[in-house]
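Reviewing the structure listed below.
Below, read A as the first sequence line, B as the second, and so on, with proteins coming before strands; counting in each chain starts at 1.
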Protein chains: 2
Amino acid sequence: MRESTGGTRERIKAVALELFTEQGYEKTSLREIAERLNVTKAALYYHFKSKDDIVASFVEDRLEQMDALTAWADSQPATLATRRALISRYADTMFGGDMPSVMRFFEQNQTVLKSLSSGQQMRGRMMRLASALCRGDDSPAAQLRATLSLFAVHTSWFAVRAPGISDGERRRLALEVADELLAAIGAEPDEDSASTSTAGARG
Amino acid sequence: MRESTGGTRERIKAVALELFTEQGYEKTSLREIAERLNVTKAALYYHFKSKDDIVASFVEDRLEQMDALTAWADSQPATLATRRALISRYADTMFGGDMPSVMRFFEQNQTVLKSLSSGQQMRGRMMRLASALCRGDDSPAAQLRATLSLFAVHTSWFAVRAPGISDGERRRLALEVADELLAAIGAEPDEDSASTSTAGARG
DNA sequence: ACCTGAACACCGTTCAAGT
DNA sequence: ACCTGAACACCGTTCAAGT
């Protein structure tokens, strides 16, 4: 095992991901990261171009994962079953053993990520995923439902307060609610919707 | 009209709210705010104890509004009608003419707000609102649905991309989807869950 | 190739001093 | 009461210099 060669770069990534997720990107200083690794601040700049670049480094893998997911969805028929399979796979990447922390980092740091290029890329992929989820129904309501079904997955691990709830149960819960939202996509337009009056322009 | 006396403090609040919402709290420097008002950075510290304190100043009104909302909900019967009325009133404070920007600021700055005391207060109120929304059904699924219905209101003004969609239409859209989520709260536990059709429990 | 030391401009904050 | 000027420690970033 060679841990002296390429080790430092990976150690920086690991420590940064941990601290960024715990305390937030802005609140975590490079000095803090450097101290944990017993190097100087300047040393970080040998391995990364900037603070943003550290984020970009552990974002790229995730982007490919998202792309694969969207590509798969586009190759499937635009049915409810596909939508459900898609959200289930998405939940896998969120709760799965691989890299749960990367996605949690995103949930935690949405704001800052808007100005970071890697963050914008990630946002773009989320939009595409949402689009894939409401393929065949481009109504505003469908967009909102699709987006919320993704949010259900994200939300389930912080909005649900229960004594000893497991990750598996959170996942199941998220999918239960997400499925309901997805089931309402592509259905025939509402005849007796909540408020008869405000018709709403079609097309 | 006296604009020389108490004017400065209000002007600081206004400019700060605008810049914080546009660019984010961390990315906006006090120098930037001061320059817009033709004063020095130090002048801001006469009116506010710290940068955080500026946020706290325009948060307090909102807290009272949230408290009033929760209190009203608690005084009503725990029915679907109450839940729908509550989310509708919440949407009013989000889309209403009063102070739409304060809530948008929150949506934009969630991350930073976690470490700010005023942000934690706000989070607390959101939790209480969610609890009020699922009163009578304390199951994890109900919590998730309640939280997502609030998110529907927040999400409707950035997740829905449509040519010339108005604020009113976004509001109506949000409530349409939120109502569906709320209708599933307090219903008898699922016997034949997710599958069948889009049936949906009628409260 | 890998890292240090010292400097840079900027940040939020403080405080004595001015009117 | 209201604001300035100058200083403080900290931040991200750069770069010549060391091995």
Heavy atoms, side chains only, cut-off 4.5 Å: are Leu116(B) and Tyr25(B) in contact? yes
Beyond-backbone contact of Thr8(A) with Ile12(A), side-chain heavy atoms, under 4.5 angstrom: yes
Presence of His47(A) side-chain N/O under 4.0 Å of dC3(C) phosphate oxygens OP1/OP2: yes
Find the distance Phe48(B):CZ to dC3(D):P and express it as a whole number of Å. 12 Å
Using side-chain heavy atoms (C-beta onward) and a distance below 4.5 Å, is Leu175(A) in contact with Ser88(A)? yes
Using 30° and 60° as the class boundaries, would you call the ring planes of Phe158(B) and Phe151(A) parallel, tilted or perpendicular? tilted
Whether each nucleotide of nucleotides 14-19 of chain C has a protein heavy atom under 4.0 Å at its base (B), only at its sugar-phosphate (S) or at neither (-) is summarised, 5' to 3', as BB----
What integer distance in Å separates Leu19(B):CG from dC11(C):P? 13 Å
To the nearest angstrom, the CD1-P distance between Ile12(A) and dC2(C) comes to 11 Å
So, Lys51(A) and Glu26(A), do they make that salt bridge, N to O below 4.0 Å? no
Between Thr93(B) and Met66(B), is any pair of side-chain heavy atoms under 4.5 Å apart? no
Once you round it to whole Å, what is the distance between C1' of dC11(C) and NZ of Lys51(B)? 8 Å
A side-chain contact here means heavy atoms from C-beta on lying under 4.5 Å apart; do Arg145(A) and Glu176(B) qualify? yes
Specify the separation, in whole Å, of atom CG of Leu44(A) and atom P of dG12(D). 10 Å
Side chains of Asp52(B) and Ser50(B): do they bring a donor and an acceptor to under 3.5 Å? no
One thing to verify: whether Glu32(A) and Arg36(A) come together as a salt bridge, which I'm taking to mean a side-chain N less than 4.0 angstrom from a carboxylate O. no
Only Watson-Crick and G-U wobble pairs, only distances under 3.5 Å, only runs of 3 or more: what stems does that leave for DNA chain D? C:4-8 with D:12-16, C:12-16 with D:4-8
dist Met126(B):CE -> Leu150(B):CG (nearest 0.5 Å) comes out at 5.0 Å
Any residue of residues 27-36 of chain B with a heavy atom less than 4.0 Å from an atom of DNA chain D: none
Nearest-angstrom distance from the residue atom CD of Glu26(B) to P of dG12(C): 9 Å
Comparing nearest nucleotides in DNA chain C, the 5'-proximal residue of the pair Tyr46(A), Val39(A) is Tyr46(A)
Within this structure, what is the CG-to-C1' distance between Asp53(A) and dG12(D), rounded to whole angstrom? 14 Å
Return yes if some donor-acceptor pair links the side-chain N/O of Thr21(B) with the main-chain N/O of Leu17(B) below 3.5 Å, else return no. yes
